[in-house]
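Residue indices begin at 1 and follow the sequence shown.
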Amino acid sequence: MDDITRGEELQEKLKNKKVNGWKTIKEGEEAQISKFADEYIYFLNNCKTEREVIGFSKSVLEKNNFKSINEMSELKTGDRVFYINRDKSMFIAVIGKERLENGINIIGAHVDSPRLDLKPNPLYEDEEFALFKTHYYGGIKKYQWTTIPLALHGVIVKPDGEKVVVNIGEDEKDPVFTITDLLPHLAQEQMEKKLKEGITGEELNVLVGSIPFIDDKISENVKLNILRILNEKYGIREIDFLSSELEVVPAFKARNLGFDSSMVAGYGQDDRVCAYTSLRGILDIYEPEKTAVCILSDKEEIGSMGNTGMESRIFDYFISELLNKLSQNTPNMLEKVYANSKMLSADVDAGLDPTFAYVSERNNAARIGYGIGLNKYTGSRGKSGASDANAEYVAQIRNLFETNGIKYQLSELGKVDTGGGGTIAYILANKGIDVIDCGVPVLCMHSPYEVTSKFDIYMAYKAYNSFFKD
Ligand code: MN
Ligand code: MN
């Protein structure tokens, strides 16, 4: 014992030691981490749009005895319900033993991801190529979306209400699409431009065909041939694009990353990594003390506006319905519920990238493999636009994680004045709820191929599950 120095003793007692999560896992945990990641990869490969996430979640919930709240005239402790909003967002609840006015435990993730949407009049012909015009959705680095295989997902709704579901480019037998870029030999002028101007929004045109329909009496024969194929395959005419939501997403599959398969590479992990882990986290909740609520929201990447975004009053409607069907509603009860509630805003965090470490302040950067990331505040410049979690609430969450052996880290999004960002946290905080950002750190965020650590994914699941049980 006497070979431990006073300094070592003090260090052990006083320093906040940050340790790589892989060094801390217990016997048998590696297999659980790996199995969970396999299931997550399956989810990513089947859910590349918000609608697909909601459809997938609905079937998982129904298998776990959750019912649509619309089918329930009254609710009691232990009831498991969900509400689907226009196929694009969803609220899930497990009714707890305590009255809602004592507060509820909410976890909110978003299920939309940056992508390219087709314009309302997308199809055109140029130099005997058929192409789709796009309008990018969310914050993207445009050059990253050229010369990669792309798939098309979404819906086309006809005036009579018939809905055609499109999903092409995922099956090995499907064709894919791509956005062209200049060959380096002729890119002298382009290469001199600023990176953000190298590829412009109007240059993100998706190549979709090149065989002309043989008839000398018409023009734009390649476009007509594509319309003929679309009509055969989907029963649509060009005008039907007007009432469609078609999303261009990367066609490649999510995969294990690294010789050690310690990471997951795949599209849409912001924020489906948190959506999946919070969905999994509520499945084994049966009779919690506090009512557990999981939010899968839409439109976060473009500001949470609209009736499927978190700014919508539809969440208030859902909580009011819980109150009504529990016979617990009285004047101002909704506000009272919120004032006593707590939330984890489950959204991804920027992980420290060794190649671009200059944007991070190392003491306050989230590290891949160091556990779930908490952000006390987000925002930009002088914390502008931030929902800053109260120290008392941060302490509660620390206590929850430390008690349950969940590895966590507290970080900021990059160096001061380097940039910034936000999540849905402020929207719920504005209702009076205690909120902190809590999610998985990601490399290459918003790119077609984002990177996460399997250790962090598993910690997120455990963190969310323990929060629902709290
Ligand atoms: Mn996000
Ligand atoms: Mn994002």
Side-chain angles (χ1 to χ4, degrees), residues 36-61 82 84-85 87-92 107-116 137-140 151 153-154 167 170 247-257 263-283 294-302 304 308-310 344-351 368 372-373 421 423-424 437-454 456-461 463-465:
F36 193 91
D38 287 345
E39 290 157 357
Y40 169 57
I41 287 172
Y42 175 85
F43 162 82
L44 280 182
N45 286 333
N46 286 279
C47 297
K48 291 195 178 179
T49 66
E50 59 281 30
R51 287 174 189 268
E52 288 169 357
V53 177
I54 298 306
F56 181 99
S57 303
K58 178 172 185 272
S59 72
V60 167
L61 288 166
F82 60 80
I84 294 178
N85 179 17
D87 294 342
K88 295 201 251 182
S89 68
M90 178 179 225
F91 310 124
I92 307 156
I107 297 180
H110 67 93
V111 295
D112 60 318
S113 293
R115 60 181 190 248
L116 308 175
Y137 173 99
I140 62 164
H153 293 230
N167 181 326
E170 299 295 340
E247 306 179 10
V248 177
V249 296
F252 29 67
K253 299 257 178 282
R255 309 277 288 266
N256 291 319
L257 178 69
M263 296 166 276
V264 174
Y267 164 71
Q269 298 200 69
D270 174 6
D271 182 34
R272 293 181 191 132
V273 65
C274 298
Y276 182 74
T277 45
S278 47
L279 175 71
R280 287 286 301 265
I282 204 167
L283 292 183
C294 177
I295 298 170
L296 302 179
S297 75
D298 182 30
K299 296 287 182 282
E300 192 278 339
E301 295 295 356
I302 57 168
S304 295
T308 60
M310 207 56 222
L344 299 179
S345 171
D347 206 343
V348 297
D349 196 359
I368 299 289
I372 186 136
T423 66
I424 62 170
D437 279 298
C438 177
V440 173
V442 174
L443 302 184
C444 319
M445 197 194 291
H446 284 203
S447 79
Y449 216 47
E450 300 173 316
V451 173
T452 53
S453 160
K454 292 183 180 178
D456 302 335
I457 296 167
Y458 189 65
M459 278 305 127
Y461 159 66
Y464 299 153
N465 186 250

Measure the shortest side-chain to side-chain distance between [X] and [Y] over non-hydrogen atoms and say whether it is less than 4.5 angstrom.
{"X": "D270", "Y": "H110", "result": "yes"}
{"X": "V273", "Y": "E450", "result": "no"}
{"X": "V111", "Y": "S89", "result": "no"}

Can you name the ring-ring contact (aromatic ring centres under 6.0 Å, His included) partners of F82, sequence neighbours left out?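 ring-ring contact (aromatic ring centres under 6.0 Å, His included) check on F82 returns nothing, list empty.
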With I140 via side-chain contact (heavy atoms from CB on, under 4.5 Å) - residues at least two apart: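 side-chain contact (heavy atoms from CB on, under 4.5 Å) check on I140 returns P114, L116, Y136, K142, W145, L204.
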Partner set under side-chain contact (heavy atoms from CB on, under 4.5 Å) for A151, not counting sequence neighbours: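 Counting only residues at least two positions away or on another chain, A151 forms a side-chain contact (heavy atoms from CB on, under 4.5 Å) with H153, E170, V249, A251.
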To the nearest 0.5 angstrom, please state how far the [atom1] atom of [X] sits from the [atom2] atom of [Y].
{"X": "L344", "Y": "C294", "atom1": "CG", "atom2": "SG", "value": "11.0 Å"}
{"X": "Y267", "Y": "H446", "atom1": "OH", "atom2": "NE2", "value": "9.5 Å"}
{"X": "Y137", "Y": "E50", "atom1": "OH", "atom2": "CD", "value": "6.0 Å"}
{"X": "D271", "Y": "S345", "atom1": "CG", "atom2": "OG", "value": "8.0 Å"}
{"X": "N46", "Y": "I41", "atom1": "CG", "atom2": "CD1", "value": "12.0 Å"}

If I compare all heavy atoms of [X] with all of [Y], which pair ends up nearest, and what's the gap?
{"X": "Y449", "Y": "K253", "result": "OH-O, 3.5 Å"}
{"X": "Y464", "Y": "I372", "result": "OH-CD1, 3.7 Å"}
{"X": "Y40", "Y": "R272", "result": "CE1-O, 3.9 Å"}
{"X": "D349", "Y": "G373", "result": "OD2-CA, 4.2 Å"}
{"X": "A254", "Y": "N45", "result": "N-OD1, 2.8 Å"}
{"X": "D298", "Y": "K88", "result": "CB-O, 3.4 Å"}

N/O donor-acceptor pairs under 3.5 Å from side chains in residues 53-61, not counting sequence neighbours:
residue : atom : partner : partner atom : Å
S57     : OG   : V53     : O            : 2.7
K58     : NZ   : E62     : OE2          : 3.2
S59     : OG   : F56     : O            : 3.0

Apply ring pair (Phe, Tyr, Trp, His ring centres under 6.0 Å) to the pair Y276 and F36, showing each step before the final yes or no. CA-CA 11 Å; Y276 182 74; F36 193 91; 5.7 Å; yes
Check: [Y] main-chain N/O paired with [X] side-chain donor or acceptor under 3.5 Å:
{"X": "N465", "Y": "G281", "value": "yes"}
{"X": "Q269", "Y": "V264", "value": "yes"}
{"X": "D87", "Y": "R51", "value": "no"}
{"X": "D112", "Y": "K299", "value": "yes"}

Side-chain donor-acceptor pair under 3.5 Å between T423 and D347, yes or no?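 No donor-acceptor contact under 3.5 Å links the two side chains.
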Identify, with sequence neighbours excluded, every residue that meets salt bridge (Lys or Arg N to Asp or Glu O under 4.0 Å) alongside E247.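 Applying salt bridge (Lys or Arg N to Asp or Glu O under 4.0 Å) to E247 gives R115.
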Quick one: list whatever passes side-chain hydrogen bond (donor to acceptor under 3.5 Å, both in side chains) with K454, sequence neighbours left out.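 For K454 the side-chain hydrogen bond (donor to acceptor under 3.5 Å, both in side chains) partners, ignoring immediate neighbours, are N256.
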